[in-house]
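The block underneath contains the structure these notes are about, expressed in structure tokens.
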There are 2 protein chains.
Amino acid sequence: MAGEPDGDGGLESVALTPPTRVTRSRATLADVARLAGVSAKTVSRVFSGNAYVADQTRDRVMAAANRLRFRPNDLARSLRHGGVANTVGFVMGDITNQFYFQVAAGMERELAKHGITMILAATEDDPGSEERVVETLLNQRVRALVIVPIAADQSYLEGERQLGTPVICVDRPARNLVADAIVLRNRSGTADAVRALVTNGHRRIGFICSPGGLYTHEQRLAGYRDALREAGVTDSRRWERLKDVDGRPDEESARELMALPDPPTAIVAGNNHASAGVIRALGERRSEIAFIGFDDFELADALGISVIAYDTLEMGRRAALRLLERLDDPTGPPQHIEVDTHVIARGSGEIPPAS
Amino acid sequence: MAGEPDGDGGLESVALTPPTRVTRSRATLADVARLAGVSAKTVSRVFSGNAYVADQTRDRVMAAANRLRFRPNDLARSLRHGGVANTVGFVMGDITNQFYFQVAAGMERELAKHGITMILAATEDDPGSEERVVETLLNQRVRALVIVPIAADQSYLEGERQLGTPVICVDRPARNLVADAIVLRNRSGTADAVRALVTNGHRRIGFICSPGGLYTHEQRLAGYRDALREAGVTDSRRWERLKDVDGRPDEESARELMALPDPPTAIVAGNNHASAGVIRALGERRSEIAFIGFDDFELADALGISVIAYDTLEMGRRAALRLLERLDDPTGPPQHIEVDTHVIARGSGEIPPAS
DNA sequence: ACCCTCTATGTCAACGCTGACATATCTTGC
DNA sequence: GCAAGATATGTCAGCGTTGACATAGAGGGT
């Protein structure tokens, strides 16, 4: 398969210009000014837009700027304006988790409207690296920080906050730091799903989620318990499976539940990873046991999997909006914002109890 | 040490020093220097690390810096060093497409190793906005650009390239611009999948993909045709369905194929969206008709769906590596790098022809 | 004619940092 | 004892930009 047949070969080649000569340096305001026969300040005025410049002069400046391919240097601009850049930093955890990127996407979209650009950094879910990563961003003089807290403690940011850098936490609240938080409606969202199952006649409902201990997972577990308590189910602990280990514990947990003498008639998964495990474990028996997973996923609708869904983009958007508010007015108490979740019924969650 | 008598008072000094602002702002090198009783340059040396500083002095400086919560200002640093920041810009298309973010993730991981931070920007798949977005990044003085080309023409970047800003294209090559490209092995990857079906006895093989016209999709279609031509199938056009419209054309296309008097015994989908359509259309008949989709997706393994897969993170990684090479040595012809794809057999693709 | 305001442009310093260069002390070698 | 290096620190200018301030002609009102 080495030689691509005919078709539309010749993808590259055809260099438009010989292999690159480099480093004619970039034009500055002064260069443009010289060419246009005006002062640097006048060029500056043309590019920052908000001052008196004669139309004729403006044209001459623009012509010179285009000829020299001038581009205003935002670094210098930022330095001049209090040394703060027009960027915000987003610190996410595990880079392979698309959740973070969806949030980033929502943020980007909103920030772009305000001409703010976003700088990305990842902690790779290593709590120890959080502070280091944050420092990198602060050195870049971001105007604000949005972080998905992963370290055990964010008090190291207290100084920054006092210096006026807003900190917004996403998905989990910060610990030991006054900061706004944008989180999911984890607890009541999960409760909603369980209630739906209860309404449908289920009493033996399993809950699978690993790793335990995270804020989000604790909240979801709590919601699960809330709903079962409401329903008068007192032995819910029996149906809980929360492992902290790696490997594929969720799938095993599901099999374990299904192998009980009185197996659950419905299972709720606390996150996407757990959903995958449960679906694998269910296999051919997917039509027998009801299932609802927290987190929507691609093709879930094609497959008829009911989920507790939410708008990840919205989380990012809300984070961005809160951030913009903070930049306008840094005072005021921290807000705890919950983003709505809702159960999407696609079939798997509406299966009635078998026994 | 001229002006600045003590700390307070000094009201009578008329024109010498106007009342200094009391707003607590961020500490600078000079502030630290004053507190430590050394020159700013010495503090600079401590923080850039690579020069002679006595241990005792270093300690004193660090103590002062910590007390003042000093942070080096990378903006100023960058400005001093040729006015170029230590960042690269990534321009992606539709922000809700997780593919882009996976690429971003791979890049980030690699760039972080080199202390380079990434700036994100999205074109929202609007070709007209590409140039504007790119400009924003260039104004931030990114050291290099990685873009997923969406505009019809990237020649507007030629000037930048000549000024020494490397441009790397991902997923699709640039048009009218000399730039490296990191793309998937679209053509032969698709051909591999079709060959596998042929080997399994299939001759009537459908291909569904929308929208047509994109580079990637053209390549995949070409690969499909390659393999069928090899197999001596001459009427492959009959089995191709490529629509440009929106809605859910892929699902309809699949139904249409299945409703033919001599329906295909196997179907290949050209992208994830098409896969979803086909899976919906197949419904209960999933076990009768072989299926392979381009792009892996979550739970595909749990569901036994065979796919043409690749490592999206790897694409980003390769882009980052190429970029770093370019920064080291800006010369040399543009490279066209293909990232490997491979067929993952999970069952759906190994179903033998029924008739 | 005079003053006033509006428009249009220029001069200069400074944002925070570091490279180039200068200076001063301390070793080491012969 | 002294040149030659190694070590330690300081001074100054300038990266590209713009705010503050200065200047100067054009128009308007009286």
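Labels below follow one simple rule: chain letters A, B, ... track the order of the sequence lines, proteins then strands, and each chain is numbered from 1. Only this structure's heavy atoms are used, side chains among them; waters, hydrogens and symmetry mates stay out.
- The closest donor-acceptor contact from the side chain of Arg141(B) to the backbone of Pro72(A) lies under 3.5 Å.
- In terms of phosphate contacts, Thr57(A) brings a side-chain nitrogen or oxygen within less than 4.0 Å of OP1 or OP2 of dT9(C).
- Rounded to whole Å, atom P of dT7(C) lies 18 Å from atom CD of Gln56(A).
- Side-chain proximity of Arg80(B) to the nucleotides dT17(D), dG19(C), dT18(D) is greatest for dG19(C).
- Counting to the nearest Å, the C1' atom of dT7(D) and the CG atom of Asp55(B) are 12 Å from each other.
- Here Arg71(A) lies in heavy-atom contact (under 4.0 Å) with sugar-phosphate atoms only.
- Recorded end-axis angle for the helix from dA1(C)-dT30(D) to dC30(C)-dG1(D) stands at 40°, based on five pairs per end and rounded to 10 degrees.
- Protein atom CG of Leu79(B) is 12 Å distant from nucleotide atom C1' of dA14(C), rounded to whole Å.
- Taking atom CZ of Arg26(B) as the reference point, atom C1' of dC15(C) lies 14 Å away to the nearest angstrom.
- Between the side chains of Ser78(B) and Arg143(B), not a single donor N or O lies within less than 3.5 Å of an accepting N or O.
- Between Arg322(B) and Val170(B) the shortest side-chain heavy-atom distance does not fall below 4.5 Å.
- With hydrogens and angles ignored, no donor-acceptor pair under 3.5 angstrom links the side chain of Arg45(B) to the base of dG19(C).
- Looking at heavy-atom distances under 4.0 Å, Phe47(B) makes no contact with the nucleic acid at all.
- Under the side-chain hydrogen bond (donor to acceptor under 3.5 Å, both in side chains) criterion, Arg45(A) pairs with no residue at all, not counting sequence neighbours.
- A close approach under 4.0 Å does occur between a side-chain nitrogen or oxygen of Ser44(A) and OP1 or OP2 of dT18(D).
- Within the 4.0 angstrom heavy-atom criterion, no nucleotide atom of any strand lies near Ser78(B).
- For dT9(D), neither phosphate oxygen OP1 nor OP2 lies less than 4.0 angstrom from any side-chain nitrogen or oxygen of Ser39(B).
- Taking 4.0 angstrom as the limit, Arg77(A) places a side-chain polar atom (N or O) nearer than this to OP1 or OP2 of dT18(D).
- To the nearest angstrom, P of dC17(C) lies 14 Å from CG of Leu75(A).
- Relative ring orientation between Phe101(A) and Phe101(B) is described as tilted, the plane-to-plane angle lying within the 30° to 60° band.
- Defined by atom type and a distance below 3.5 Å, a donor-acceptor pair is present between the side-chain atoms of Gln140(A) and Thr117(B).
- Take the nearest nucleotide of DNA chain D for Val43(B) and for His81(B): the residue whose nucleotide is more 5' is Val43(B).
- Counting only heavy atoms from C-beta on, Asn73(B) has its side chain closest to dG16(C) among dG19(C), dG16(C), dG10(C).
- Between Arg132(B) and Glu135(B) there is no salt bridge, since none of the side-chain N atoms of the basic residue sits less than 4.0 Å from a carboxylate O of the acidic one.
- Across Pro149(A) and Pro173(A), no two heavy atoms sit closer than the pair CG-O, 3.8 Å.
- Spacing between atom CD of Gln140(B) and atom P of dG16(D) amounts to 17 Å, rounded to whole angstrom units.
- When the P atom of dC17(C) is taken as reference, atom CZ of Arg34(B) falls 12 Å away, rounded to whole Å.
- Rounded to whole Å, the distance from CZ on Arg60(B) to C1' on dA8(D) is 12 Å.
- The side chain of Tyr52(A) has dC6(C) as its nearest neighbour among dA20(C), dC6(C), dA8(D).
- A residue-by-residue look at Val53(A) and Pro72(B) shows that Val53(A) has its nearest nucleotide of DNA chain C further toward the 5' end.
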